[in-house]
Amino acid sequence: MIERYLPYVGKKAIAELVALARNLQGLRILHVNSTYHGGGVAGMLRSLVPLMDDLGLEAHWVLLFGKPAFFSCTKKLHNALQGEEIFPEEDELSTYLQINEFFARYAPIDHDVVVIHDPQPLPSVSFRPKRELWIWRCHIDISSPSEKAWELLMPYILRYDAAVVSAEGFLRDGLPQRVSIIPPAIDPVSPINREMSPREVEEKLAQYEIPLDKPLIVQVSRFDKWKDPLGVLEVFQKVRRDADCRLVMLGNMAGDDPEGPEIFTRVREAAAKLPDVHLVTETDELLVNALQRAAAVVLQLSVREGFGLTVSEALWKGTPVVASAVGGIPLQIRDGENGFLVEPRDYASAAEKVLALLGDRNLRREFGEHGREWVRKNFLITRLLRDWLSTLGELLG
Ligand code: UDP
């Protein structure tokens, strides 16, 4: 299985992975999050877990099953960790803790290492005798969290042996335990990123009645206020004044994000006033792939972002990206080399950059080539696997 990555990263990188895994043979490692579908975390686990297994670790992945009050609580905590002044209701909090307690008591945890992803399963560490190495893998930029949410979660976080965040500066004051930096990554052989022929791309778009008669501008994102979908419409409106083009916004609903349907309704109302806008909410990974390939420009206008894997996905397909300089996006976009960075909500600048790219095919090609190479070197799943193997090796001595 690991051999499938040889054409992308070469022999040396594969041999390094095998060497790093040698001391971890048979290590039982459990990943825990709260959805199999939707969002970047589930996507990464779908690739990372089998790859760890393939290299001789015994890797498993289980879900902490929530219910509406649980997800309402965790979405509020997520938003609060990203800086919004919001806090869950008392009953939501007690559901959150109760479900974590049940999980800790009854989930099949019989591992050497437990990796807890994000705030949803975070408190589970406190509800069982701790015999394993516990790692909190936080995918959120928590450089300016709301104080109240941070104080609530801090006692749980302190029970972890180590934490992993996506980028330098994602933790405001640091933590007393060991913190490793592991930027996320994309899988070049997954349905979202595998090669697609131009014909296959065309057929996929035809299935959704998206014509290729005009340049496409695309944003692929959950319908989430932090991804600023209304801002995307505003930028499109500005661009349309000077260039004929279409906009496609693709966003499925993540199982652990209860805000999606409400935001989508607002976007649909606003989009109804504009021509040539296509909104799609199907879960179809080949459609993500096809759109990122067919787009003249991909947008990612997030106001806050964890990492924003959709940026690397588009760059990998040779498509330039105009995106806001938040979260992990500046790591992926080298401004003026493979895309353009703008300030969040600066719609005039975003429109100007989109127009510059729409009007210059050579610039798009040049950015596209740089983008693919930048992602190949820095943001492929093999690098993520290497970072995890090194971190585990160091933590376990
Ligand atoms: N995605 C998808 N279908 C959609 C929207 C998003 O498969 O309709 C995928 C997207 O391609 C990416 C992930 O979900 O792999 C989103 O990850 P990202 O880090 O960009 O954002 P998150 O949703 O985790 O905040």
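Numbering of ligands and ligand atoms starts at 1, following listing order. A quick note: this is a predicted structure, and the numbers were derived from the prediction, not measured.
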What are the atom names and distances for all N or O pairs under 3.5 Å between ligand 1 and the protein?
residue: ligand 1; atom: 3 (N); partner: Asn252; partner atom: ND2; Å: 3.4
residue: ligand 1; atom: 8 (O); partner: Asn252; partner atom: N; Å: 2.8
residue: ligand 1; atom: 8 (O); partner: Asn252; partner atom: OD1; Å: 3.4
residue: ligand 1; atom: 11 (O); partner: Glu313; partner atom: OE1; Å: 2.7
residue: ligand 1; atom: 11 (O); partner: Glu313; partner atom: OE2; Å: 3.3
residue: ligand 1; atom: 15 (O); partner: Glu313; partner atom: OE2; Å: 2.5
residue: ligand 1; atom: 17 (O); partner: Gly40; partner atom: N; Å: 3.2
residue: ligand 1; atom: 19 (O); partner: Leu309; partner atom: N; Å: 2.9
residue: ligand 1; atom: 20 (O); partner: Leu309; partner atom: N; Å: 3.1
residue: ligand 1; atom: 20 (O); partner: Thr310; partner atom: N; Å: 3.3
residue: ligand 1; atom: 20 (O); partner: Thr310; partner atom: OG1; Å: 3.4
residue: ligand 1; atom: 21 (O); partner: Lys227; partner atom: NZ; Å: 3.1
residue: ligand 1; atom: 23 (O); partner: Arg222; partner atom: NE; Å: 2.7
residue: ligand 1; atom: 23 (O); partner: Arg222; partner atom: NH2; Å: 3.4
residue: ligand 1; atom: 24 (O); partner: Gly40; partner atom: N; Å: 2.8
residue: ligand 1; atom: 25 (O); partner: Arg222; partner atom: NH2; Å: 2.9
residue: ligand 1; atom: 25 (O); partner: Lys227; partner atom: NZ; Å: 2.8

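- Formation of a donor-acceptor pair under 3.5 Å by the Arg383 side chain with backbone atoms of Asn378 is found in this model.
- When atom types are taken as modelled, the side chain of Gln332 and the backbone of Ser312 share a donor-acceptor pair closer than 3.5 angstrom.
- The closest side-chain heavy-atom distance from Asp224 to Ile263 is not below 4.5 Å.
- Every residue two or more places apart in sequence or in another chain that forms a side-chain contact (heavy atoms from CB on, under 4.5 Å) with Pro191 is listed here: Glu285.
- The ring-ring contact (aromatic ring centres under 6.0 Å, His included) search around Trp316 returns Tyr8, not counting sequence neighbours.
- For Phe236, the ring-ring contact (aromatic ring centres under 6.0 Å, His included) criterion is met by no residue, not counting sequence neighbours.
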